[in-house]
Number of protein chains: 2
Amino acid sequence: MEYEQLKLKSQLCFRLYTAARLTVGAYHPYLDPLGITYPQYLVLLVLWEQDKQPVCDIAKRLMLDTNTVTPLLQRMEKSGLLLRTKGKTDTRQRIVSLTEKGLTMREQAKHIPECLSASILEKMDPVEELAALVPALDKLIEGLSER
Amino acid sequence: MEYEQLKLKSQLCFRLYTAARLTVGAYHPYLDPLGITYPQYLVLLVLWEQDKQPVCDIAKRLMLDTNTVTPLLQRMEKSGLLLRTKGKTDTRQRIVSLTEKGLTMREQAKHIPECLSASILEKMDPVEELAALVPALDKLIEGLSER
DNA sequence: CAGATTTATATCGTTCACGATGCAAAAATA
DNA sequence: TATTTTTGCATCGTGAACGATATAAATCTG
């Protein structure tokens, strides 16, 4: 059939797109009580690993551009999770630092990865398939991000 | 160690989220000339498979809700790709049908999957890793969508 | 058949992604 | 040093996603 390749079921990207949406959705029960979104959670993960980073470093870790990250950080500043202060050595930079609220949220969030793993693993038996996913996604990301 | 495994798994969502974004981005060179977005391309895939479907059937195929699909279809109607006509047997329904423009776009789009596979495979050698991705994603989607 | 419930679609508000563009500061180069 | 280029961040506009809510029409139930 001439258009066989245009069938939805043969599309890898649609699977990725759907899996990503559904997985982010699975975080809702845990992030809603904290009053944060999934992208905001990612920012917190980065800052919990290392506080006081310029916007561009956060963007690099998340593989996003500043035009996505800046408004995200502005909303997070507004909700009291972090501060954006002018850089001293490089005044173009905005150094992002966690507030007390942002820091203490780490404690409330520390069980989220386990909860998510549990609920995903519960539905992904056997584990081997899950394990196969990670290196394949890494390779895909690496390939698509290289320039 | 159990902690390492949990840490690895907690990053799965970020990988999915990033891989999905980058893969959608890889469609840009092919979709921009057609003047459509990736979600609009997905709608076309569904309609090329079967024309004249109600909104809810399209939403089901894409695993999206009508509050996402309705505005998407409205934009596509505005750009002349499809029509949304009132259903006859069930007047609540909106039957979505392709216009001439939407139908002929299939011909222009038919090489997109090959192009994408080629550019992804180029970066995903060996192919086995790519092949492992599909059933694993299917299982994940199935698990997360069940309710 | 009347009332309750479900279904199909739409609207609104918020938050992301991201291309395009702007601007000032830093770095590179003439 | 003066000029050009690059970098870091921001703003704007558009198109998704999606929770909450609304509104008819269809369906179920008593």
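These numbers come from the heavy atoms of this one structure, side chains and all, not from hydrogens, waters or symmetry mates. In the text below, chain A, chain B and the rest are named by the order of the sequence lines, each starting its count at 1.
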Within the side chain of [X], is there an N or O that forms a donor-acceptor pair under 3.5 Å with the backbone of [Y]?
X: A/S79; Y: A/M76; answer: yes
X: B/T99; Y: B/G80; answer: yes
X: A/Q5; Y: B/H111; answer: no
X: A/Y38; Y: A/H28; answer: no

At less than 4.0 Å, is any side-chain N or O atom of [X] found next to OP1 or OP2 of [N]? Yes or no.
X: B/R94; N: C/dA8; answer: no
X: B/Q74; N: C/dT11; answer: yes
X: B/Q40; N: D/dA16; answer: yes
X: A/T91; N: C/dA26; answer: yes
X: A/Y38; N: D/dA17; answer: no
X: A/R21; N: D/dA16; answer: no

Please report the distance, rounded to the nearest Å, between [atom1] in [X] and [atom2] in [N].
X: A/L22; N: D/dA17; atom1: CG; atom2: P; result: 12 Å
X: A/L64; N: C/dT15; atom1: CG; atom2: P; result: 17 Å
X: A/D57; N: D/dT7; atom1: CG; atom2: P; result: 14 Å
X: B/L42; N: D/dA16; atom1: CG; atom2: P; result: 10 Å
X: B/K88; N: C/dA8; atom1: NZ; atom2: C1'; result: 18 Å
X: A/I58; N: C/dA17; atom1: CD1; atom2: C1'; result: 17 Å
X: B/F14; N: C/dA17; atom1: CZ; atom2: C1'; result: 14 Å
X: B/D32; N: D/dT14; atom1: CG; atom2: C1'; result: 13 Å

* Structure fact -> From the list B/V43, B/L81, B/L44, side chain to side chain contact (heavy atoms under 4.5 Å, CB included) with B/L98 holds only for B/L44
* Asked: Closer to the 5' end of DNA chain D via nearest nucleotide, is it B/T37 or A/P71?
  -> A/P71
* What pairs meet the side chain to side chain donor-acceptor pair (under 3.5 Å) rule with one or both residues in residues 55-69 of chain A, with sequence neighbours excluded? -> A/E49-A/R61
Distance-only criterion, 3.5 Å: show the donor-acceptor pairs between side-chain atoms of residues 82-94 of chain A and protein atoms not counting sequence neighbours.
residue, atom, partner, partner atom, Å
A/R84, NH1, A/E77, OE1, 2.7
A/T85, OG1, A/I95, O, 3.4
A/D90, OD1, A/R92, N, 3.0
A/D90, OD1, A/R92, NE, 3.2
A/D90, OD2, A/R92, NH2, 2.9
A/R94, NH1, A/R84, O, 3.0

* To do: By nearest nucleotide on DNA chain C, pick out whichever of B/V55 and A/L72 is the more 5' one.
  => B/V55
* Asked: How would you label the contact of A/T66 with the nucleic acid (heavy atoms, under 4.0 Å): base, sugar-phosphate, or nothing?
  -> base
* To do: For A/T68, answer base if it contacts any base atom (sugar-phosphate contacts may also be present), sugar-phosphate if it contacts only those atoms, and nothing otherwise; contact means non-hydrogen atoms under 4.0 Å.
  => base
Would you tabulate the pairs of protein nitrogen or oxygen atoms and nucleotide nitrogen or oxygen atoms of nucleotides 19-23 of chain D closer than 3.5 angstrom?
residue, atom, partner, partner atom, Å
D/dG19, N7, B/N67, ND2, 2.6
D/dG19, O6, B/N67, ND2, 3.1
D/dA20, N6, B/N67, ND2, 3.2

* To do: Go through the N and O atoms of the side chain of B/R92 and the base of C/dT7, and report whether any donor-acceptor pair is under 3.5 Å.
  => yes
* Please evaluate the base of C/dT15 for a donor-acceptor partner in the side chain of A/R75 within a cut-off of under 3.5 Å? => no
* Quick one: closest heavy-atom pair of B/T23 and B/Y27, and the distance? => O-CD1, 3.3 Å
